[in-house]
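First comes the structure, then the notes that go with it.
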Amino acid sequence: MGWLEKSISEVASAVAKGDVSAEEVARESIAAIEENNARLGAFLAISADQALEQAREVDRKRARGEALGKLAGVPIGLKDALCTRGIATSCASKILTREGRAWRPPFDATVVARLKAAGAVLPGKCNMDEFAMGSSTENSAFFPAKNPWDVTRTPGGSSGGSAVAVAARMTSGALGSDTGGSIRQPAAFTGVVGVKPTYGRVSRYGLVAFASSLDQIGPFASDVRGAARILEVIGGRDECDATSIDAPIGAYEAACERSVRGIRIGVPDEYFASGLDAGVAESVRGAIDALASQGCTVRPIKLAHTDYAVATYYVLATAEASSNLARFDGVRFGLRVEPPRADLTTMYGRTRGAGFGAEVKRRIMLGTYVLSAGYYDAYYLKAQRVRTLVRRDFEEAFRDVDVIAAPVSPVPPFRIGERIGDPLAMYLADIYTLPASLAGIPAISIPAAPTKATSDRPSLPVGLQIMAAPLDEERMFAVAAAFETTSPARALRPEL
Ligand code: GLN
């Protein structure tokens with residue numbers, strides 16, 4: 001009992017030693033999902049039979065004395081944007097659902113195949129904002145996910161279900177996708193570790209595309225080492241994704257043991273501007289002080305184009321989304337709405353009208369507009385140029401510092417319903433996560449001290465963000481793990 005309270009490395013080594021069977025851990029995970037899902041909304045589909053079979057296969061391998069993978073017997077939740085062979089995949093959208101039944105892909109995403117090969121057990125598909133568009137998981141077409149620290153608040157998004165699965169100890173780890181913050185922000189909101197790797201570090205093959213030049217799959221775990229181990233398993237070149245980088249995977253887990261003495265940390269002024277919640281600022285400053293007392297040197301830096309990140313991202317991401325989502329046409333997948341004697345255009349219109357939610361429609365319209373003749377130069381091309389300036393800010397900064405420390409979100413978890421009627425307020429929640437996405441650099445969120453309880457809100461989780469230069473995940477993990485050993489959030493768990 002209590003295996004989901006333990007870290008990923010503890011579970012994997014207990015399974016390898018035979019202290020517990022993979023089947024027992026899998027049963028615990030499935031029971032935890034069944035017990036808590038109605039209240040927390042973390043999973044859209046549960047694949048208990050397949051998970052138990054994966055676990056028994058690990059146990060049979062062990063009985064035969066075969067070598068076990070790095071994640072043998074470890075339950076991992078999967079964001080529902082990841083294709084899973086024969087298992088419902090809806091991207092939290094009605095357009096991939098026909099007569100109540102979600103699309104069943106004929107193949108596994110590369111990351112799913114790699115998890116399986118490493119012995120992971122995959123009990124289900126996690127809730128998300130529809131097509132990963134959002135920052136609260138309220139845009140799910142089915143039901144919102146809820147924050148286990150306070151169920152009246154959102155767990156963040158878009159990978160909110162994956163974050164909740166780990167925070168509420170339903171699984172030991174999870175995969176999400178981060179286009180503009182969708183792993184880091186929900187990790188920060190739920191008090192778990194979340195990593196957005198370097199763009200291209202992890203294959204996107206089998207991830208339902210939102211904005212292809214930004215999308216990146218990454219891990220959630222209850223500790224930094226667990227996230228590092230998952231990245232070692234899922235990362236690396238894949239022939240099926242031409243943007244995946246052909247560079248060796250680092251020793252990420254081993255990097256978590258490294259000393260951080262002498263590491264130079266840059267702190268960007270622009271990330272502590274007005275609009276930053278005082279409780280979040282205090283927590284993040286405290287975290288940076290803790291790293292300084294471990295021997296890091298801390299200095300202020302400038303990332304001059306930070307202010308333009310939100311506008312730039314919401315032009316580029318919507319442009320790419322409008323093109324990627326053209327494939328949902330009622331012909332190839334899922335929903336088809338076809339009035340009698342309708343022509344093709346009417347069928348397309350009716351299907352997309354009924355199948356997409358309001359936020360997805362808003363983005364398709366915005367994206368189509370910025371790409372249209374006459375506006376392309378003014379919006380899309382301009383945004384591409386500003387993206388280059390944002391990337392150069394980081395290139396310059398990394399000449400003088402090794403990593404950058406900052407908040408993840410300007411505010412702690414907000415209430416369900418608080419921002420959903422105001423898209424701009426929702427988009428501004430991404431202000432500190434978007435620049436790393438635009439630049440393609442790796443970034444992690446680690447739990448820092450929660451905010452102090454006040455008369456209008458309880459104590460709530462806060463994330464410290466560590467960003468590093470492209471492919472420098474090892475240094476990012478080293479700094480994150482060093483902070484984790486001293487973080488006041490280390491032993492905190494939500495009450496279920
Ligand atoms: N919140 C951002 C958006 O809505 C980022 C989403 C993401 O990273 N998938 O686009």
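Just follow the structure's listing: the first ligand is 1, and inside any ligand the first atom is 1.
Figure legend: cation-pi geometry between R204 and Y199 absent, as NZ or CZ is not positioned both under 6.0 Å from the six-membered ring centre and within 45° of its axis.
At the top of the distance list for atom 6 (C) of ligand 1, counting protein heavy atoms only, stands S182 OG, 2.8 Å. Protein heavy atom in closest approach to atom 3 (C) of ligand 1: Y314 OH, 3.2 Å. Atom 2 (C) of ligand 1 has D430 OD2, 3.1 Å as its closest protein atom, hydrogens excluded (heavy atom only).
Listed for the D430 side chain is no donor-acceptor partner under 3.5 Å among the backbone atoms of G181.
For atom 4 (O) of ligand 1, the choice among M128, M426, Q216, R363 with the nearest heavy atom turns out to be R363.
Counting the atoms of ligand 1 from 1 in the order shown, those under 4.0 Å from a heavy atom of S158 are 9 (N). Of all atoms in ligand 1, listed by their number and element, those nearer than 4.0 Å to a heavy atom of A132 are 6 (C), 7 (C), 9 (N).
A side-chain N or O of D238 and one of S203 form a donor-acceptor pair less than 3.5 Å apart. Of the N and O atoms on the side chains of S93 and E130, at least one donor lies less than 3.5 Å from an acceptor on the other residue.
Less than 6.0 angstrom separates the ring centroid of Y427 from the ring centroid of Y314.
A side-chain hydrogen bond (donor to acceptor under 3.5 Å, both in side chains) with T89 is found for exactly one of R104, K79, K125, namely K125.
Checked by distance only, ligand 1 and G134 come closer than 3.5 Å through their nitrogen or oxygen atoms. Considering backbone and side-chain N/O of F210, none are found under 3.5 Å from N/O of ligand 1. Of the polar atoms of K79, none of the N or O atoms is found under 3.5 Å from an N or O of ligand 1, judged by distance alone. Between Y313 and ligand 1, at least one N/O pair is under 3.5 Å apart.
Aromatic ring orientation, Y271 versus Y432: parallel (interplanar angle below 30°, classes split at 30° and 60°).
Contact annotation: A317 has no heavy atom less than 4.0 Å from any atom of ligand 1.
In this structure, I33 and P123 have side chains that are in contact, with non-hydrogen atoms separated by less than 4.5 Å.
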